[in-house]
Amino acid sequence: MTRILSGIKPTGNLTLGNYIGALKHFKDFQESGEVFIFIADLHALTLPIDPEFLRQNTRDLAAFYLASGLDPKKTTIFVQSSVPEHAELNAILQNYLYMGELSRMTQFKEKSAKLKDSAIGLGLFAYPVLMAADIVLYDADTVPVGEDQVQHVEITRDLVNRLNKRYGEKTLVLPNYKINKVGARIMSLSDPSVKMSKSDPKGDIFLKDPMNVVRKKIMSAVTDLGNEVKYDKENKPGISNLLTIYASLKEISIEEAEAHFQGYRYGDFKKEVADVVVAELEPFQQRYQQILDDQSYLPVLREGAKKASQIAHVTLKRVQNAVGLLNIDE
Ligand code: AMP
Ligand code: TRP
């Protein structure tokens with residue numbers, strides 16, 4: 001049976017990029033295999049974050065997961081730090097990824113470039129080790145992520161191959177990443193040359209934005225010269241990004257979206273994109289709010305941690321045994 005695993009960091013302000021690139025698709029896997037979706041709170045500590053903010057973001061993300069259609073009967077939903085096996089396996093795996101390869105990770109280079117050397121935590125550097133632990137603990141073969149995380153799944157594959165060669169082919173399961181055909185990389189609305197991340201209040205649509213703000217952001221999105229609604233990432237990055245948003249929410253191809261908007265003016269085009277985003281986010285936000293208010297995410301997370309830990313424990317034991325740690329219970 002296919003095992004699917006993914007996670008999102010609770011660093012706050014989830015964006016439409018997270019929704020289209022990751023969150024929206026998680027529920028689709030529920031029919032095809034056994035799904036594990038978690039909140040990567042240990043990863044959220046890799047850059048400075050206020051403790052109360054982190055805790056609130058964790059509740060938020062749990063509610064977002066449930067609001068997106070994840071069914072706790074089918075999907076194990078849990079918080080990373082509530083399953084201690086993640087940190088335990090991390091302590092073993094850190095010996096099998098090397099300084100050179102970790103320093104070549106794009107995410108590390110980008111995030112550390114903004115910091116003084118004296119403020120770059122070891123956790124930011126070792127980020128892919130913990131992520132590898134997350135993945136292999138559940139024998140996951142499929143990891144749905146946005147484009148920016150592909151490199152981290154690839155380094156996990158290197159690690160798995162390295163360990164299996166040394167300790168036997170059955171030590172760890174080799175994972176594959178899965179990115180969506182449309183929407184794996186949503187760009188900022190104010191600068192379509194950078195990805196929509198959690199940091200630009202003008203160019204990013206946040207999942208908690210009021211609907212009038214969502215509309216305003218889309219209507220003032222940067223467009224391009226000319227007046228044709230055409231997908232051309234090089235010369236029309238702004239229009240291409242809006243087309244991508246539209247196509248992925250409507251679940252159609254870029255070509256179908258282009259055909260639909262043939263002859264449209266930019267203003268009317270943006271208005272229709274805004275309508276589609278609002279139609280998706282408004283009910284989603286209502287469900288999210290309800291779940292936060294009634295705190296129904298709490299029993300889900302407790303049950304999820306229990307189920308996750310049972311499975312993770314088996315893998316941890318297998319690895320401990322393979323590398324030569326003594327099992328005093330036998
Ligand atoms: P993060 O917010 O970095 O924890 O990312 C959570 C998930 O959202 C990962 O699978 C990312 O690849 C995905 N993601 C983040 N930003 C974007 C974006 N702008 N477009 C598409 N996917 C994204
Ligand atoms: N690193 C991912 C991100 O920033 C979050 C994450 C942590 C993850 N562990 C994972 C995603 C394991 C998939 C699988 O988006």
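All ligand and atom numbering here is 1-based and tracks the order in the structure.
A donor-acceptor pair shorter than 3.5 Å cannot be found between the side chains of R287 and Q290. For the residue pair D134 / Q80, a side-chain donor-acceptor distance below 3.5 Å is found, with atom types taken as modelled. Under 3.5 Å, the side chains of D224 and Y266 contain no donor-acceptor pair of N or O atoms.
The local environment of OH in Y177 is sparse, with at most 12 non-hydrogen atoms from other residues, nucleotides or ligands closer than 6.0 Å. Crowding of H313 atom NE2: a count of heavy atoms from other residues, nucleotides or ligands under 6.0 Å not exceeding 12.
A 4.5 Å side-chain heavy-atom check between F261 and I239 finds every atom pair outside the cut-off. Side-chain contact between F29 and P144 is present, with at least one heavy-atom pair separated by less than 4.5 Å. Side-chain contact between K24 and E251: present, with at least one pair of heavy atoms (C-beta onward) separated by less than 4.5 Å.
Residue Y127 has at least one N or O atom closer than 3.5 Å to an N or O atom of ligand 2. Residue D134 has at least one nitrogen or oxygen atom sitting less than 3.5 Å from a nitrogen or oxygen atom of ligand 2, judged on distance alone. At least one N/O-N/O distance between Q149 and ligand 2 falls below 3.5 Å.
The side chain of I135, and not its backbone, has at least one atom closer than 4.0 Å to an atom of ligand 2 (non-hydrogen atoms only; side chain from C-beta on). For V145, every heavy-atom contact with ligand 2 shorter than 4.0 Å involves the side chain, none the backbone.
Salt-bridge check for E52 with R55: passed, with a basic side-chain N closer than 4.0 Å to an acidic carboxylate O. Between K250 and E272 there is no salt bridge, since no side-chain N of the basic residue sits under 4.0 Å from a carboxylate O of the acidic one.
Applying the ring-ring contact (aromatic ring centres under 6.0 Å, His included) rule to F206 yields no partners; only residues at least two apart in sequence or on another chain are considered.
Atom numbering of ligand 2 starts at 1 in the shown order; those under 4.0 Å from a heavy atom of H43 are 7 (C), 9 (N). In the vicinity of K9, heavy-atom distances shorter than 4.0 Å reach the ligand 2 atoms 3 (C), 4 (O). Numbered from 1 in the order shown, with element, the atoms of ligand 2 that lie under 4.0 Å from a heavy atom of V143 read 13 (C), 14 (C). Shown in contact with L5 at under 4.0 Å from a heavy atom are these atoms of ligand 2, numbered in order with element: 12 (C), 14 (C).
The protein non-hydrogen atom at the shortest distance from atom 5 (C) of ligand 2 is G7 O, 3.5 Å.
At a 4.0 Å heavy-atom cut-off, the residues surrounding ligand 1 are I8, K9, G17, N18, G21, A22, V145, G146, D148, Q149, G183, A184, R185, I186, K195, M196, K198, listed by chain and number.
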